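This is a predicted model, so every value here is computed, not measured.
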Amino acid sequence: MPVQCGSCARSRAVLKRPKTGHSLCKACFFWAFEEEVHHTVVSGRLFRRGETVGIGASGGKDSTVLAHVMKVLNERHDYGLKLLLLSVDEGITGYRDDSLETVRRNQQQFDLPLKIVSYAELYGWTMDAIVKQVGLKNNCTFCGVFRRQALDRGAVMLNVDKICTGHNADDVAETVLMNVLRGDIARLHRCTAISTASDGEGAIPRCKPLKYAYEKEIVLYAYFKKLDYFSTECIYSPNAYRGHARAFLKDLEAVRPSAIMDVIHSGENLSVKEGVKMPVQGTCTRCGYISSQALCKSCVLLEGLNRGLPKLGIGKHHRLHGKILAQQPLTQEEEKKLKAVDF
């Protein structure tokens with residue numbers, strides 16, 4: 001027997017929301033999803049009228065849904081925002097080149113300006129070239145660090161006031177678990193923040209309008225809206241550390257659907273004991289980007305690549321920063337350790 005929509009009681013339900021368990025028709029699901037994002041935007045005070053907002057666009061489901069919903073809400077609730085699409089080309093043959101074609105189609109469909117910045121133009125390296133040198137074990141570290149800074153640099157080029165990214169509830173919960181497993185108190189303290197701002201030169205405030213949206217509901221929204229998105233996984237990501245946290249979270253969700261929100265709320269309510277030494281945010285002495293060390297992670301990784309020492313930025317090698325800044329040669333023993341690559 002067909003199930004009626006639990007909201008309007010007129011149309012036939014086409015789905016059961018993973019987040020709440022409610023049976024809804026398409027129209028009611030669209031409205032509920034969009035208004036929940038609107039509530040997140042308003043309650044988090046993410047934007048101010050007149051701001052220029054860069055939407056991080058990868059061509060995947062999250063960023064495509066984010067761009068669509070932000071355009072809808074900007075018009076429906078008169079946010080008064082100027083929206084732009086900002087993409088990063090990491091230089092991954094057979095993956096990023098295809099997904100950027102999706103982004104270009106989204107640009108036409110959503111009628112939004114698009115800016116693409118590439119690793120090749122910013123760093124002189126592509127991810128294909130980086131993987132050839134570092135192997136498949138730590139490549140996601142390079143990509144994550146470079147992409148974060150590339151987004152900021154692209155945003156500066158566009159003169160945007162804020163960047164919004166497609167991080168969803170699953171992503172935030174996974175990050176909480178990863179930081180717990182790594183014992184990274186500094187990142188655990190700030191990873192659940194819906195909006196982050198730093199005082200470093202070139203650092204643009206970021207926000208996550210989809211922070212409380214379940215990944216499954218984003219997929220359903222994209223499917224029923226017939227949005228054009230790229231769904232292939234990155235060819236270099238199967239060994240990523242995040243995959244273990246994701247698998248664990250999916251197991252928890254299967255037993256208790258509210259586990260995703262529970263983990264997020266736990267992360268939000270954690271407090272750091274008084275007296276615990278936390279990293280002090282400063283700026284990189286080389287590029288001016290935000291950093292808690294003399295050199296930012298991006299500069300250290302890039303230095304390692306350019307010197308043929310790929311492990312320079314992997315692990316704790318802060319004591320070598322002075323030598324790098326002074327352009328002093330490393331000892332043979334130091335170079336031997338940093339050249340070792342685990343495939």
Hey, what do you get for CD1 (I290) to OG1 (T196), rounding to the nearest 0.5 Å?
8.0 Å

Hey, any chance Y95 and F142 share a hydrophobic cluster, counting ILVMFWY side chains that come within less than 4.5 Å of each other, even indirectly?
yes

With a 3.5 Å cut-off and no angle check, do the side chains of S58 and R96 form a donor-acceptor pair?
no

Is D161 paired with R48 through a side-chain N to carboxylate O contact shorter than 4.0 Å?
no

Judged by modelled atom types alone, do H167 and E174 share a side-chain donor-acceptor pair under 3.5 Å?
no

Look at atom NZ of K82 and say whether more than 12 heavy atoms of other residues, nucleotides or ligands are closer to it than 6.0 Å.
no

Mark yes or no for whether N74, through its side chain, and M70, through its backbone, hold a donor-acceptor pair below 3.5 Å.
no

Shared hydrophobic cluster for V3 and L220 (ILVMFWY, side-chain gaps under 4.5 Å)
no

Check the pair T40, K208 against side chain to side chain contact (heavy atoms under 4.5 Å, CB included), reporting the backbone distance first and the verdict last.
CA-CA 9 Å; T40 300; K208 301 185 276 271; over 6 Å; no

Would you check, one step at a time, whether the test side chain to side chain contact (heavy atoms under 4.5 Å, CB included) holds for Y241 with L181?
CA-CA 11 Å; Y241 183 60; L181 293 172; 3.3 Å; yes

First locate atom OG of S266, then atom CG of L188, and finally report the distance between them rounded to the nearest 0.5 Å.
10.0 Å

K71, NZ atom: more than 12 neighbouring heavy atoms under 6.0 Å
yes

Show, in sequence, the C-alpha distance, side-chain angles and deciding distance for V160 and V53, and conclude whether the side chain to side chain contact (heavy atoms under 4.5 Å, CB included) test is met.
CA-CA 6 Å; V160 305; V53 178; over 6 Å; no

How many angstroms lie between NZ in K61 and OH in Y229, if you round to the nearest 0.5 Å?
7.5 Å

I'd like to check D184 versus M178 (side-chain heavy atoms, cut-off strictly below 4.5 Å). Are they in contact?
no

Contact check, side chains of W125 and L302, non-hydrogen atoms, under 4.5 Å
yes

Less than 4.5 Å apart, any side-chain heavy atom of T126 and any of D89?
no

Test item: S87 side-chain N/O and A57 main-chain N/O as donor-acceptor pair under 3.5 Å
yes

CD1 of I185: more than 12 outside heavy atoms within 6.0 angstrom?
no

Quick check for you: to the nearest 0.5 Å, what is the distance between I264 atom CD1 and D170 atom CG?
7.5 Å

Whether E36 and R17 form a salt bridge (side-chain N of Lys/Arg under 4.0 Å from carboxylate O of Asp/Glu) is what I want to check.
yes

For the SG atom of C140 and the CZ atom of R147, what is their distance to the nearest 0.5 Å?
8.5 Å

Atom of C287, atom of C284 and distance for their closest heavy-atom approach:
N-SG, 3.5 Å

Between K250 and E215, is there a side-chain N and carboxylate O pair less than 4.0 Å apart?
yes

Of all heavy-atom pairs between C296 and S291, which one has the smallest distance, and what is that distance?
CA-OG, 3.3 Å

Nearest heavy-atom approach of R49 to G80 is NH1-CA, 3.7 Å

Lys NZ or Arg CZ of K162 over F47 ring: under 6.0 Å, within 45°
no

Do you know which two heavy atoms are closest between C299 and L295, and how far apart they sit?
CB-CD2, 4.3 Å

May I ask you to decide if R10's main-chain N or O and Q4's side chain share a donor-acceptor pair within less than 3.5 Å?
yes

When hydrophobic residues are tied together by side-chain contacts of less than 4.5 Å, even through go-betweens, does V103 share a cluster with I163?
no

Is the count of non-hydrogen atoms from other residues, nucleotides or ligands lying under 6.0 Å from F248 atom CZ greater than 12?
no

Quick one: does C164's side chain get under 4.5 Å of L66's, heavy atoms only?
yes

Atom pair CD1 (I194) and CG (L46), whose distance is rounded to the nearest 0.5 Å:
5.0 Å

Can a side-chain donor-acceptor contact be found between Q109 and R105 if the only test is distance below 3.5 angstrom?
no

Can you name the closest pair of heavy atoms from I92 and C234 and give their distance?
CD1-SG, 3.8 Å

Looking at N159, I want to see if its CG is surrounded by more than 12 non-hydrogen atoms of other residues, nucleotides or ligands under 6.0 Å.
no

Minimum heavy-atom distance V172-C191, with the two atoms named:
CG1-O, 4.2 Å

Check: Q149 side chain, S298 main-chain N or O, donor-acceptor pair, under 3.5 Å
no

Would you say that more than 12 heavy atoms from the other residues, nucleotides or ligands in this model lie under 6.0 Å from the CZ of R76, or not?
yes

Flag, side chain of N139 to backbone of V131, donor-acceptor distance under 3.5 Å:
no

Hey, what's the ring geometry for Y123 with F146, parallel, tilted or perpendicular (30° and 60° as the breaks)?
parallel

I want to check something: taking the side chain as every heavy atom from C-beta on, are Y289 and R153 in contact at a cut-off of under 4.5 Å?
no

Side-chain contact test, heavy atoms from C-beta onward, threshold under 4.5 Å: evaluate it for C8 versus C25 and give yes or no.
yes

Could you check whether E34 and Y221, counting side-chain N and O atoms only, form a donor-acceptor pair closer than 3.5 Å?
yes

Taking atom types as modelled, find out whether E268 and H265 have a side-chain donor-acceptor pair closer than 3.5 angstrom.
yes

Show the numbers, then the answer: is there a side chain to side chain contact (heavy atoms under 4.5 Å, CB included) between V88 and L122?
CA-CA 10 Å; V88 177; L122 294 177; over 6 Å; no

Salt bridge flag under 4.0 Å for residues R206 and D152
yes

Co-membership, hydrophobic cluster, residues L15 and I218, 4.5 Å side-chain
yes

Please check if L158 and I204 belong to a single hydrophobic cluster, counting links between Ile, Leu, Val, Met, Phe, Trp and Tyr side chain heavy atoms closer than 4.5 Å.
yes

Does R182, at its CZ atom, have more than 12 non-hydrogen atoms belonging to other residues, nucleotides or ligands within less than 6.0 Å?
yes

Indicate whether the side chain of Y236 and that of D128 have a donor and an acceptor atom separated by less than 3.5 Å.
yes

Quick one: are H77 and V42 in side-chain contact, heavy atoms under 4.5 Å?
no

Are any non-hydrogen side-chain atoms of F230 and T64 less than 4.5 angstrom apart?
no

